[in-house]
Amino acid sequence: MSPLTRRTLIAGGIASAGVTVLAPTTANAISYPFTLGVASGEPAADGFVIWTRLAPSPLNADGLGGMTSASVTVEWQVSTDQRFTQVVRSGTATASQTWAHSVHVEVTGLLPGREYFYRFRAAGHISPVGRGVTSPAVGTSPSLTMLFTSCSHFEAGYFTAYRRMAEENPHLILHLGDYIYEGAASTTAVRKHSPTVEISNLADYRVRHAQYKTDVDLQAAHAAAPWLVVWDDHEVENNYADLVRGNTSPAGDFKVRRAAAYKAYYEHMPLRAAQAPVAENMQLYRRVRWGSLATFHMLDTRQYRDDQACGDGTKVCADASDPARTLTGTAQETWLLDGMRQKLGTWDFLGQQVFFAQRLASADGAKSMDSWDGYTANRDRLQRGWDSAGLRNTVVLTGDVHKSWASNLMLNYSTQDRIIGTELVTTSVSSGGDGNATDNGVSSLNPHVKFNKNLRGYVRTVTSPTQVNVDFRFLDRVTTRDYPIRTLKSYVIQAGNPGLQAP
Ligand SMILES: [Fe+2]
């Protein structure tokens with residue numbers, strides 16, 4: 001695959017306009033509508049989703065982006081080259097106000113394991129160029145460079161991590177939740193949320209998503225590679241559980257609020273039509289194969305969970321291990337184990353939200369009840385399920401906690417009997433602000449937890465049939481723009497030998 005330069009990302013759309021048929025037409029009443037960039041996602045062996053949303057005035061308070069109720073025809077092209085001299089697929093989609101003039105095109109008919117470029121045209125304007133990548137054919141296992149991150153708080157810092165991710169030219173990017181934050185604007189942050197209130201209706205969720213999408217670093221990361229996204233809590237409300245809200249304000253019907261939040265999330269993400277929400281429900285958990293190398297099981301640990309045990313804090317209580325309580329919901333638990341037992345690829349990556357390994361916060365056993373420690377029977381059933389199926393290459397990918405961690409997953413955490421998998425926890429893009437390079441809190445209470453770092457960034461994995469090379473990538477600051485990225489910890493995970501090894 002050829003390297004994609006920053007110049008291409010920024011200039012490609014307009015610069016190549018004269019080369020092919022997708023030239024600007026006579027300008028009409030809509031001013032430049034591609035203010036939110038472009039994105040690809042959901043790679044398959046024969047295609048991927050390409051996304052954009054028409055929004056000439058993205059922060060308009062009505063959430064409609066400056067568009068009228070009229071539907072608009074959006075043309076799209078997919079090419080093997082960045083100048084669109086070799087267009088291999090093209091078509092049109094309709095952007096309607098029902099979906100905030102977003103389009104989600106499911107491109108098919110492409111070749112496996114290839115790099116492509118795409119762009120849109122609407123109302124006489126041409127979009128920036130994005131890069132899509134198809135997954136390799138089943139039966140093949142070429143090396144995969146995948147980056148994953150989580151927790152991008154617009155006010156807490158700049159999105160430099162997204163810029164650095166784009167520069168790595170990966171095959172795939174995972175975002176594991178807290179893509180936006182729902183809170184009201186701060187008066188002391190480096191940037192200010194729009195709207196300034198805590199968002200709770202459809203117009204406000206749309207404006208907040210649009211504001212995040214106007215960030216040029218975020219746009220660069222979306223344009224650089226296909227993404228697989230799953231939400232955590234802040235895409236709706238802090239620490240909600242199914243239809244149990246996390247706090248009491250703002251007042252209102254939480255079903256209506258969740259429906260609005262899920263709809264705005266779908267409108268702004270490169271997801272397939274199968275993920276389009278129906279009222280307050282959205283089918284987000286799904287499986288994506290990467291040839292015979294890996295399977296991504298993307299989980300939803302918010303929509304179906306029982307309420308957090310003993311409140312949302314760190315108190316210890318018997319409810320946390322009640323076998324009747326669930327984080328995934330029964331259907332998703334069954335779906336996950338059934339899928340893993342099919343052994344579709346060498347590696348099983350579980351892309352999910354909250355801390356998976358046991359993590360005692362103090363000698364009296366305090367744990368986070370929002371994480372898997374609050375649902376230990378559910379965790380135990382999954383771990384025993386994949387272990388008894390003979391699976392040795394399970395890697396859990398996690399977000400949420402705004403610090404990086406690396407752990408061995410144990411069949412029994414109390415006795416430390418047997419490593420049966422590995423967990424890699426990404427830090428945040430910006431949540432938590434600059435962090436502290438000397439804050440490295442591994443505790444003897446958790447001997448299976450090997451690494452912790454409180455800086456912002458992401459994790460890079462390079463996966464082959466024999467091993468996963470893991471690099472924890474960090475920025476020293478995010479409250480100042482444009483810091484360089486550097487690796488501060490690396491591990492190897494060997495196929496057939498679960499757990500973290502020195503590189
Ligand atoms: Fe977060």
Side-chain angles (χ1 to χ4, degrees), residues 147-162 165 173-186 189-191 193 198-199 205 208-209 211-213 215 217-218 221 227-241 245-247 258 261-262 264-265 268-269 284 298-303 305 308 312-314 327 351-356 359 361 367-374 396-405 423-436 439 441 452-459 472 474-475 478-479:
L147 314 177
F148 68 100
T149 195
S150 73
C151 295
S152 32
H153 195 303
F154 189 80
E155 298 189 314
Y158 297 107
F159 289 170
T160 313
Y162 284 141
M165 292 169 84
I173 290 174
L174 269 55
H175 197 292
L176 300 177
D178 290 356
Y179 182 94
I180 62 162
Y181 281 78
E182 83 284 15
S186 161
V190 298
R191 301 190 284 190
H193 264 156
E198 178 173 337
I199 53 176
Y205 280 110
R208 186 64 57 85
H209 270 284
Q211 180 186 34
Y212 278 55
K213 278 280 195 325
D215 182 278
D217 296 327
L218 176 54
W227 285 38
L228 295 175
V229 298
V230 282
W231 55 40
D232 193 17
D233 51 341
H234 287 286
E235 285 86 350
V236 182
E237 183 200 40
N238 184 44
N239 276 11
Y240 82 96
R245 55 186 311 167
N247 59 56
R258 195 175 93 171
Y262 284 8
Y265 183 83
H268 291 84
M269 293 295 169
L284 191 60
M298 304 302 291
L299 306 187
D300 176 355
T301 62
R302 283 291 155 193
Q303 193 173 182
R305 69 159 73 195
Q308 289 87 350
D312 294 3
T314 58
L327 187 60
Q352 59 97 47
Q353 295 76 33
V354 290
F355 211 95
F356 193 86
R359 186 170 52 134
K367 306 168 182 174
S368 166
M369 291 298 102
D370 190 59
S371 74
W372 288 84
D373 275 338
V396 176
L397 310 173
T398 302
D400 180 52
V401 285
H402 310 171
K403 292 180 183 179
S404 285
W405 300 79
E423 181 176 23
L424 306 172
V425 182
T426 177
T427 187
S428 55
V429 169
S430 59
S431 303
D434 287 332
N436 180 348
D439 175 6
N452 170 229
K453 177 69 76 179
N454 178 15
L455 287 173
R456 309 290 78 82
Y458 54 89
V459 182
F472 285 91
F474 296 102
L475 304 157
V478 292
T479 57

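Order of listing sets the numbers, starting from 1, for every ligand and every atom in it. We count residues from 1, following the sequence as given.
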Kindly give the atom name of the N, O or S atom of D178 closest to the Fe ion (ligand 1).
-> OD2

So, is Y181 placed with an N/O/S atom under 2.8 Å from the Fe ion (ligand 1), counting both backbone and side chain?
-> yes

Under 30°, 30 to 60°, or over 60°: which ring-plane class applies to W405 and F355, parallel, tilted or perpendicular?
-> perpendicular

In H402, what N, O or S atom is nearest to the Fe ion (ligand 1), if we give its atom name?
-> NE2

Please find out if the Fe ion (ligand 1) and some N, O or S atom of C151 are separated by less than 2.8 Å.
-> yes

Do D215 and Y212 have side-chain N/O donor and acceptor atoms under 3.5 Å apart?
-> no

With the threshold set at 4.0 Å, does a side-chain nitrogen-carboxylate oxygen contact exist between D370 and R305?
-> yes

The Fe ion (ligand 1) contact by D400, N, O or S atom under 2.8 Å | no

Determine the interplanar angle of the F159 and Y162 rings, folded into 0 to 90°, and report it as parallel if under 30°, tilted if 30 to 60°, perpendicular if over 60°.
-> perpendicular

If the plane angle is over 60° it's perpendicular, under 30° parallel, otherwise tilted; pick one for Y179 and W227.
-> perpendicular

